[in-house]
Enquirer: 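Quick one: the structure is below, questions incoming.
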There are 2 protein chains.
Amino acid sequence: MSGRHRMLPMLQILAHAGEAPIVPPPSLSRTLDRQSQKDTVSQLLPSRTVVFLEGFARSPCYRVVDGCVATYQTLSDGRRQVIDLAGPGRIVGLGAGDRNRHSAETLGFSRLEVVVEPLAARDLEVALTETLARSQALAMLLGRKTAPERVASAILDLAGQFGRPARHKRRGTVTFHLYPTRTDLADWLGLTVETVSRCFTRLKKAGLIDIQHNDLVTLLEPARLALVAAGDCALS
Amino acid sequence: MSGRHRMLPMLQILAHAGEAPIVPPPSLSRTLDRQSQKDTVSQLLPSRTVVFLEGFARSPCYRVVDGCVATYQTLSDGRRQVIDLAGPGRIVGLGAGDRNRHSAETLGFSRLEVVVEPLAARDLEVALTETLARSQALAMLLGRKTAPERVASAILDLAGQFGRPARHKRRGTVTFHLYPTRTDLADWLGLTVETVSRCFTRLKKAGLIDIQHNDLVTLLEPARLALVAAGDCALS
DNA sequence: CGACGTATTGACTGATATCAATGGTTGTGG
DNA sequence: CCACAACCATTGATATCAGTCAATACGTCG
């Protein structure tokens with residue numbers, strides 16, 4: 001449950017020192033430049049751009065126009081938990097308080113737009129509610145599902161967010177671009193890279209999915225995949 | 001990850017059949033009577049009273065005045081995940097949609113009051129935000145913390161919600177009534193009853209807590225307990 | 001007192017983590 | 001264009017934490 005973790009960027013270590021400044025973090029390369037946000041409606045950001053960091057002065061909310069953003073928290077020893085993966089239409093950065101409660105970074109070339117503060121109360125409630133429901137579903141997954149169930153659930157979730165109904169070959173099949181790496185998935189699902197990889201292999205061998213070039217996933221049997229995800233059908 | 005589970009009440013099975021009626025569930029003994037809600041400002045309910053059930057027609061929100069309410073989701077095979085334990089002042093039942101997204105039941109004699117619909121937008125946002133933050137903290141706990149870390153985190157959470165600063169003997173000690181059973185705790189923390197019990201024993205032997213009569217917990221060393229909860233200090 | 005529900009403890013098992021080796025892809029610079 | 005490095009993914013061997021099974025103890029209520 002502890003051990004091998006990715007190295008923390010300096011900023012993150014600061015955030016955990018309990019003395020994080022209430023000023024925006026220095027504008028690193030790869031860190032979103034706050035000035036230019038005001039000028040443009042939306043920005044195209046490269047992969048692995050840090051949008052905001054846990055513990056720093058509260059950032060505005062962002063709407064994902066295109067691409068994918070991961071939000072996550074980290075423990076002081078580097079253990080990371082991805083809280084959500086957000087695709088087009090989703091809003092990240094919701095929450096009160098004067099500090100960000102989690103970090104956010106892009107997982108691929110992504111277009112984000114700053115959400116202007118006076119967001120309609122109703123819209124805010126809807127966005128908060130959706131985020132809450134997803135967070136609770138994640139808790140169910142993390143607390144009570146097996147590794148294959150978690151991976152199947154993740155694939156279905158991502159298919160819903162990123163999938164095109166492009167069933168060019170078979171009816172009912174869906175294909176989507178897999179933004180998260182195996183490490184991202186592992187940190188989202190409470191597993192290790194190796195376990196995620198093994199589950200993918202099993203799902204492929206069972207004929208439920210297919211993967212091309214490591215980042216293009218095709219759902220071959222969505223219905224059976226849903227059964228696995230819900231724990232109603234064991235895998236192989 | 002699967003196996004021994006508590007028996008599901010019939011109602012819950014219905015909720016999972018995908019054909020749950022959009023009418024309120026029949027008023028069983030132990031199920032909160034909706035009629036009387038309108039008449040009284042708050043109701044005193046016995047332990048294990050079901051406040052509302054996942055999958056059924058959307059219930060109003062309730063404010064916990066006194067006692068403790070658990071919200072939870074269940075998988076079709078009976079695996080249960082407690083999403084939150086709510087003490088005095090907290091609101092349960094938040095969320096949109098026409099069905100309840102989770103069930104709720106009292107864990108001890110509890111006083112609840114129905115939250116009148118036109119809740120101030122600001123209050124609603126605050127309550128939603130707090131619930132969201134707790135849910136995300138739970139995800140971090142479930143995905144990345146070890147069993148002793150989870151139990152320590154839970155004790156600190158409950159101390160915050162139910163603790164009185166009644167340090168009659170030592171300075172800094174806090175005592176609180178433990179509403180959840182070991183099973184409830186296990187379902188909240190993604191563990192088994194046995195593991196929760198073993199962690200309690202270890203925390204007691206380490207001198208971090210004391211337990212009287214199975215349901216009265218005293219924090220002997222809150223600071224060290226917080227270190228364990230954060231993963232900054234291994235246990236024994 | 002006896003019965004039931006709950007908690008504790010011990011012995012053993014098993015799913016997932018850890019460690020380790022290999023292979024594939026991408027990007028960079030000679 | 002190729003060689004190399006860096007990163008990511010896969011696969012196998014082994015270790016470990018938490019789960020399972022089982023027995024006992026505790027507490028409350030009839």
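Each chain gets a letter, A, B and so on, in the order its sequence line appears, and its residues count up from 1.
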Enquirer: Could you pull out the closest heavy-atom pair between A:Trp188 and A:Ile83, with the gap in Å?
Expert: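 Smallest interatomic distance, heavy atoms only, reads NE1-O, 4.1 Å.
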
Enquirer: Between D:dT10, D:dA18, D:dT20, which nucleotide gets closest to the side-chain atoms of A:Val193?
Expert: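 The answer is D:dT10, which lies nearest to the side chain.
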
Enquirer: Could you check A:Leu185, A:Leu141, A:Leu138, A:Val196 and say which one makes a side chain to side chain contact (heavy atoms under 4.5 Å, CB included) with A:Arg150?
Expert: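 So the option named by the test is A:Leu141.
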
Enquirer: Between C1' on C:dA15 and CG on A:Leu235, what's the gap in Å once rounded to a whole number?
Expert: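 Whole-Å distance recorded here is 14 Å.
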
Enquirer: Any side-chain N or O of B:Thr201 under 4.0 Å from OP1/OP2 of C:dT9?
Expert: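 Yes, B:Thr201 has a side-chain N/O under 4.0 Å of OP1/OP2 on C:dT9.
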
Enquirer: What's the NE2-C1' distance between B:His213 and D:dA25, to the nearest Å?
Expert: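 Computing the B:His213:NE2 to D:dA25:C1' distance gives 16 Å.
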
Enquirer: Between D:dT20, C:dT16, C:dC19, spot the one nearest the side chain of A:Thr146, thanks.
Expert: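 It is C:dT16.
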
Enquirer: Using atom NZ of B:Lys145 as one end and atom C1' of D:dC17 as the other, report the distance to the nearest whole Å.
Expert: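 My rounded result for the distance is 18 Å.
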
Enquirer: Give a yes/no answer on whether the side chain of A:Thr195 brings an N or O atom under 4.0 Å of OP1 or OP2 in C:dT16.
Expert: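 So the side chain of A:Thr195 is outside the cut-off, no N or O lying under 4.0 Å from OP1 or OP2 of C:dT16.
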
Enquirer: Does a nitrogen or oxygen in the side chain of B:Ser197 sit under 4.0 Å from OP1 or OP2 of C:dT8?
Expert: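 Checking B:Ser197 against C:dT8: at least one side-chain N or O falls below 4.0 Å of OP1 or OP2.
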
Enquirer: To the nearest Å, how far apart are A:Gln212 CD and C:dT25 C1'?
Expert: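 These atoms are roughly 16 Å apart.
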
Enquirer: Are A:Arg80 and A:Glu54 close enough for a salt bridge, meaning some N to O gap below 4.0 Å?
Expert: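 Not counted as a salt bridge, because no side-chain N and carboxylate O are separated by less than 4.0 Å.
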
Enquirer: Indicate yes or no for a side-chain donor-acceptor contact from A:Arg90 to the backbone of A:Leu85 under 3.5 Å, with no hydrogens or angles considered.
Expert: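 Checked: pair present.
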
Enquirer: Output the single nucleotide from C:dT9, C:dT18, D:dT20 whose closest atom is nearest the side chain of B:Thr192.
Expert: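 Comparing C:dT9, C:dT18, D:dT20 against the side chain of B:Thr192, the answer is D:dT20.
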
Enquirer: Without swapping roles, check the side chain of B:Thr175 against the backbone of B:Thr218 for a donor-acceptor pair under 3.5 Å.
Expert: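 Side chain of B:Thr175 to backbone of B:Thr218, a donor-acceptor pair under 3.5 Å: no, none is there.
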
Enquirer: Round to the nearest Å and state the distance from A:Leu216 atom CG to D:dC8 atom C1'.
Expert: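 A:Leu216 atom CG is separated from D:dC8 atom C1' by 17 Å.
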
Enquirer: On DNA chain C, compare the nucleotides closest to B:Phe200 and A:Arg202; which residue's is nearer the 5' end?
Expert: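 It is B:Phe200 whose nearest nucleotide is closer to the 5' end.
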
Enquirer: Given 3.5 Å as the limit, does a donor-acceptor pair link the side chain of B:Thr183 with the main chain of B:Thr181, or not?
Expert: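 Not at all, since once roles are kept as given, no pair shorter than 3.5 Å links the two residues.
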
Enquirer: Can any side-chain N or O of A:Ser47 pair as donor or acceptor with the backbone N or O of A:Leu107 at less than 3.5 Å?
Expert: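 Yes: the side chain of A:Ser47 pairs with the backbone of A:Leu107.
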
Enquirer: D:dA18, C:dT9, C:dA17: which one has an atom nearest the side-chain heavy atoms of A:Leu191?
Expert: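 Given the options D:dA18, C:dT9, C:dA17, the side chain of A:Leu191 is closest to C:dA17.
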
Enquirer: N/O contacts under 3.5 Å, protein versus nucleotides 2-6 of chain C?
Expert:
none

Enquirer: Rounding to an integer number of Å, can you tell me how far B:Asp187 CG sits from C:dA7 P?
Expert: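 In whole Å, C:dA7 P lies 12 Å from B:Asp187 CG.
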
Enquirer: Can you check the B:Asp215 CG to C:dA7 C1' distance for me, whole Å?
Expert: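 Those two atoms, CG and C1', are 12 Å apart.
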
Enquirer: Rounded to whole Å, how long is the line connecting atom CD1 of B:Ile211 with atom P of C:dT8?
Expert: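 Taking CD1 of B:Ile211 and P of C:dT8, I get 6 Å after rounding.
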
Enquirer: Do the rings of A:His102 and A:Phe52 sit parallel, tilted or perpendicular, given the 30° and 60° boundaries?
Expert: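 Answer is tilted, since the angle falls between 30° and 60°.
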
Enquirer: I want to verify a distance call: between C:dA7, C:dA20, D:dA9, whose nearest atom is closest to the A:Glu194 side chain?
Expert: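 The closest nucleotide is C:dA20.
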
Enquirer: Is A:Arg198 side chain donor-acceptor paired with the C:dT18 base, going by distance under 3.5 Å alone?
Expert: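 Checked by distance alone, the answer is yes.
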
